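What you are looking at is a predicted structure, and each value in this text was computed from that prediction instead of being measured.
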Amino acid sequence: MHNNLIETMKKAILFIFATVLLTGACGSKQQQPASDIAEDAISLQKNQPGDSALYGLACDGCTDSVLVFLPYSGGDPDTFDIITAFQQHRIYGRPRIGDELAVIVNPEDRDEALSVVNMEMLKGEWCYMVQPQLRAPESMPRRMQRRMIERMPDSLRQLMMTPREYSLRLKRDYTVSARGSMRRRTTTDDMSPVEYPAIKRYTDWHFYNGQLILKADTIAGFSQEGDVPDIDTVQIRMLTADSLILEFPDHTQEYYRKE
């Protein structure tokens with residue numbers, strides 16, 4: 001009898017709690033002032049001017065032909081046809097339940113997604129290997145540089161031409177850190193017979209119409225008054241759990257995932 005009484009009290013408490021929640025939710029909807037953001041939105045973040053992409057979360061039911069998508073703007077989940085996007089390799093990162101997505105919708109058919117980027121999968125540290133170049137006077141022809149390398153003993157060549165790992169880390173707070181070449185040159189660097197390419201020090205990232213936007217401030221990582229940040233618009237060419245290919249304005253770079 002004692003157990004039955006406890007069970008009855010639990011049910012009563014749960015019923016009262018649910019009633020209060022429902023009443024509060026309905027009341028808040030009636031009292032909220034009108035705004036350009038839906039009352040049931042799950043994110044207060046708005047698109048930048050000119051950005052037509054949809055942002056939200058992947059829901060249960062996603063397949064190779066259908067995307068079930070809960071937009072940040074609120075409302076019920078949307079279902080998009082992604083057959084053509086899948087065939088044209090425009091699904092960048094297979095959607096998983098709860099992943100943050102950027103979706104480009106066909107303006108002529110609002111039920112079809114032209115491309116889908118898994119922004120959640122894009123976050124993290126991506127690495128690539130960089131080969132050094134032989135330091136030589138600018139007047140020396142490249143063929144002479146190649147001959148110098150060819151005539152080096154294998155042991156010396158192996159010691160000098162050691163590749164170095166660079167990385168690009170896209171953080172959850174939409175900041176970026178880059179790791180690789182030295183920030184400042186030293187006397188030792190100047191005396192080295194080889195040199196590594198400079199790395200751009202990106203500081204921020206975001207999406208715009210399905211493209212990755214990377215912003216770089218000054219080389220020290222701090223903007224000075226009057227400086228204009230360097231902004232690169234980057235195309236995503238491939239994205240899987242452990243591989244990434246980005247097309248920059250002047251080159252294409254392949255990455256591997258750094259756990």
Got more than 12 heavy atoms from elsewhere within 6.0 Å of CD, Q131?
yes

Answer yes when [X] and [Y] have at least one side-chain N-carboxylate O distance shorter than 4.0 Å, and no when they do not.
X: K215; Y: D232; result: no
X: R257; Y: E125; result: no
X: R172; Y: E100; result: no
X: E165; Y: K258; result: yes

Please find the pair of heavy atoms, one from [X] and one from [Y], that lie closest to each other, and give the distance.
X: P163; Y: M129; answer: CB-CE, 3.9 Å
X: K171; Y: S177; answer: CE-OG, 3.6 Å
X: Y196; Y: T162; answer: OH-O, 2.5 Å
X: P95; Y: A58; answer: CB-CB, 4.0 Å
X: I104; Y: A53; answer: CD1-CB, 3.6 Å
X: C59; Y: L70; answer: SG-CB, 3.5 Å

Can you tell me if [X] uses its side chain to pair, donor with acceptor, with the backbone of [Y] under 3.5 Å?
X: N118; Y: L101; result: no
X: D230; Y: A216; result: no
X: N47; Y: D51; result: yes
X: D64; Y: F86; result: no
X: D60; Y: C62; result: no
X: Y166; Y: P197; result: yes
X: R169; Y: W126; result: no

What residue pairs, at least two apart or across chains, pass ring-ring contact (aromatic ring centres under 6.0 Å, His included) with a residue in residues 235-259?
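Counting only pairs at least two positions apart or across chains, the ring-ring contact (aromatic ring centres under 6.0 Å, His included) contacts touching residues 235-259 are Y128-Y255, F248-H251.
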
Could you state whether [X] and [Y] fall into the same hydrophobic cluster, counting links through intermediate Ile, Leu, Val, Met, Phe, Trp or Tyr residues with side-chain heavy atoms under 4.5 angstrom apart?
X: L114; Y: I91; answer: no
X: L239; Y: Y174; answer: yes
X: L170; Y: I199; answer: yes
X: V130; Y: Y202; answer: yes
X: I231; Y: Y208; answer: yes

Going by heavy atoms in the side chains, are [X] and [Y] under 4.5 Å from each other?
X: T240; Y: D242; answer: yes
X: I82; Y: V66; answer: no
X: F69; Y: L54; answer: yes
X: S243; Y: M238; answer: yes
X: V116; Y: L67; answer: yes
X: D111; Y: D81; answer: no
X: W205; Y: L122; answer: yes

Single hit among Q211, Q235, R237 for side-chain hydrogen bond (donor to acceptor under 3.5 Å, both in side chains) with E247
R237

Might you work through the side-chain contact (heavy atoms from CB on, under 4.5 Å) test for E112 and T84, ending with a clear yes or no?
CA-CA 9 Å; E112 181 185 34; T84 301; 3.4 Å; yes

Rounded to the nearest 0.5 Å, what separates atom CG in D78 from atom OG in S73?
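OG of S73 is found 7.5 Å from CG of D78.
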
Run the side-chain contact (heavy atoms from CB on, under 4.5 Å) check on L57 and D99 step by step: do they pass?
CA-CA 5 Å; L57 305 176; D99 283 352; over 6 Å; no

With side-chain hydrogen bond (donor to acceptor under 3.5 Å, both in side chains) as the criterion, how do D204 and T175 come out once you've worked through the C-alpha distance, each side chain's angles and the decisive distance to 0.1 Å?
CA-CA 4 Å; D204 303 90; T175 60; over 6 Å; no

Determine, stepwise, if the pair V105 / F80 fulfils side-chain contact (heavy atoms from CB on, under 4.5 Å).
CA-CA 8 Å; V105 178; F80 295 107; 3.8 Å; yes

Passes side-chain contact (heavy atoms from CB on, under 4.5 Å), M121 versus R96? Steps please.
CA-CA 9 Å; M121 188 177 293; R96 301 166 298 184; 4.3 Å; yes

